[in-house]
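Shown next, in structure tokens, is the structure this report addresses.
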Amino acid sequence: DNSVESVSRVLYALASVAEGARDFVKQIHINHEIAVILDITYHAVIAKDPEDLLQLLLAAGESHRRLCSEFIVRNHLEGKRVADVLVRALFRAMLQLKNRENSLLAVLYFNARASYSNQSHAASYISSEDESVGPVISDPKSALVGSPTRYGQKREMFQEGVDPLMSTAEFAEFASLCRDPREIGHLLTSLIHRPNLAHDVETELLVRAYFCFQLSCCADGVELVLRMIRDRVEKYVKSNQFVLLVRLLTGVGRFKELEYIIDTLIENDQFELILKKNVDAEGSAELKNSLAVYLRERRPSDHEKLEMVYYRFQMYRELGIEMQEQAENELSSLMPRITVDQAVLIPLLECMRKFVVAADAFHEDACFKLARECLKKADLIGAQVRNPNTRYIGLKESDIRQLMRVCGGFDDTLALAEAYSMNSLDEWSKVLFYQTITLGNFDIFEEYRRRLPLVGELFERFREYYRTERDNY
């Protein structure tokens, strides 16, 4: 190991000073690194076909991506040849995972991660049963190493050294090994036309192809993928593979162009599948905003699904605003029926519930002032429900003071005081004087003393009111 490291250091130092032969020394250095990684001789590296070496390097693991890139550049490999190697490796990894799980549906849906080892792979090639896919490393039993648990909860090691469930960022690095990712995109779309290709593999090929076209700003390629997706929706629906529609929707991310997929999921009572899909932070932000806009604009009366979206993505402020608006609108429509129609009590309770939900949502988002306002309105509605024959909602200022003075119950009086911004000592002193001193209702005074601050000024007010009444009498 020390001798290998010494050779590497010498070659690296030599490449930095040998100006006339720098490129030649760097080539030697890269070949030496490849020989060490693959555990083969330097002569074997030189003798092998560059495409074969690239496939072996890919199989050695993602930690060697930088070396793959340098090898491609130094050997001037054509983009089409590189794309062919990359696509064959990716496709084989997809088939390996499908064979391991029997279906990609679950792993794609739950975004389970699989990986591969960084071990050295110095195996020889054997002929493939399917020449269109290309050669694979020998020993099929080593396709998946270890005993992974279901859906990739344990790290899996793929023979081809490519993780078919790699993240978007990882796939971008993988695709960038080819100078023109369009080549990868075109090869992936061509694979989709293979006979008897499983729908889940087909879906993943579409998602990856779209990303390659997007990465290379290929508008024609993007349009091709979108058209192929539309052509497959009906087929997936008939086979009840709604999870694949969700994968296409979230994997491609063109939510406006793919609104018909959301329509299809809703029409088949499968909308919740979107909310159960695991997405990364960036994708989550785009998905939640797109779903909220879609529901508000296309299905404004479907409040239940909008609330589900808000809850799923913890959009508490938006949820609070939505519930508050619903409650306000419903309350306004009920105003003429209050004290006239006893049947109004049930919809009033629903309004109260929505104000409470809005308050909880605002509180979760630290919007404490808005939360407090919603709770005040909920308390006022509660007072109205307890006193169906007396109007508590929509009062004028003079009527509010009169009702506070005579209603007699502390909770109802407090609800009025807070809802109408009259929770002051000046207002309470008049109420308490009338209820306690004039009517002898000490219960309200005891409840006030227990729940609100009792100050000496209150008794000074009592004395003034008493003197005024005595002088008038």
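Keep in mind that what you see is a predicted model, and the values were worked out from it rather than measured.
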Legend entry - Closest contact, heavy atoms only, V309 versus F271: CG2-CZ, 3.8 Å

Legend entry - Residue pair L248, R254: steps toward the side-chain contact (heavy atoms from CB on, under 4.5 Å) verdict: CA-CA 9 Å; L248 289 171; R254 300 287 284 258; over 6 Å; no

Inset, instruction - Show the numbers, then the answer: is there a side-chain contact (heavy atoms from CB on, under 4.5 Å) between L287 and K277? - result: CA-CA 11 Å; L287 175 61; K277 178 72 171 68; 5.8 Å; no

Legend entry - Minimum heavy-atom distance between L226 and Y260, given as atom pair plus value: O-OH, 4.1 Å

Legend entry - E373 and K369 ion-paired at < 4.0 Å: no

Legend entry - Check: E272 main-chain N/O paired with R312 side-chain donor or acceptor under 3.5 Å: no

Legend entry - Spatial distance of atom CZ (F213) from atom CD1 (I184) [nearest 0.5 Å]: 10.5 Å

Inset, instruction - Flag the pair Y294 / F255 as yes when their ring centroid distance falls below 6.0 Å, and as no otherwise. - result: no

Inset, instruction - Would you confirm whether Q435, through its side chain, and R405, through its main-chain N or O, come within 3.5 Å as a donor-acceptor pair? - result: yes

Inset, instruction - Please confirm whether the backbone N or O of S167 pairs with a side-chain atom of E170, one donor and one acceptor, at under 3.5 Å? - result: yes

Legend entry - Electrostatic pair R450-E446, nearest N-O below 4.0 angstrom: no

Inset, instruction - Determine, for K256 against E259, whether the closest basic-nitrogen to carboxylate-oxygen distance falls under 4.0 angstrom. - result: yes

Inset, instruction - Could you tell me which non-hydrogen atom of P181 sits nearest to which non-hydrogen atom of C212, and how far apart they are? - result: O-CB, 3.4 Å

Legend entry - Salt-bridge present (R227, D220; N to O < 4.0 Å): no

Legend entry - Salt-bridge contact E418-R372 (side-chain N to carboxylate O under 4.0 Å): yes

Legend entry - Salt-bridge contact R451-D411 (side-chain N to carboxylate O under 4.0 Å): yes

Inset, instruction - Determine yes or no for a side-chain-to-main-chain donor-acceptor pair under 3.5 angstrom, with N289 supplying the side chain and A285 the backbone. - result: yes

Legend entry - Ion pair K98/E204, N-O distance below 4.0 Å: no

Inset, instruction - Please answer whether the main-chain N or O of E330 pairs with a side-chain N or O of S333 as donor and acceptor at a distance below 3.5 Å. - result: yes

Inset, instruction - Taking the side chain as every heavy atom from C-beta outward, state whether E307 and Q326 have any atom pair closer than 4.5 Å. - result: yes

Legend entry - Least distance between heavy atoms, T339 atom then Q384 atom: CG2-NE2, 4.3 Å

Inset, instruction - Kindly determine whether K288 and E318 satisfy salt bridge (charged side-chain N to carboxylate O under 4.0 Å, His left out), including the steps that lead there. - result: CA-CA 11 Å; K288 69 181 183 181; E318 292 83 353; over 6 Å; no

Inset, instruction - Report yes or no: does D49 contribute a side-chain atom to a donor-acceptor pair with the main-chain N or O of E51 at less than 3.5 Å? - result: yes

Inset, instruction - Heavy atoms only: give me the nearest E183-C178 pair and the separation to one decimal. - result: CB-SG, 4.2 Å

Inset, instruction - Verify, without hydrogens or angle tests, whether R247 (side chain) and D200 (backbone) share a donor-acceptor contact under 3.5 angstrom. - result: no

Legend entry - Y448 side-chain N/O to D443 backbone N/O, donor-acceptor pair under 3.5 Å: no

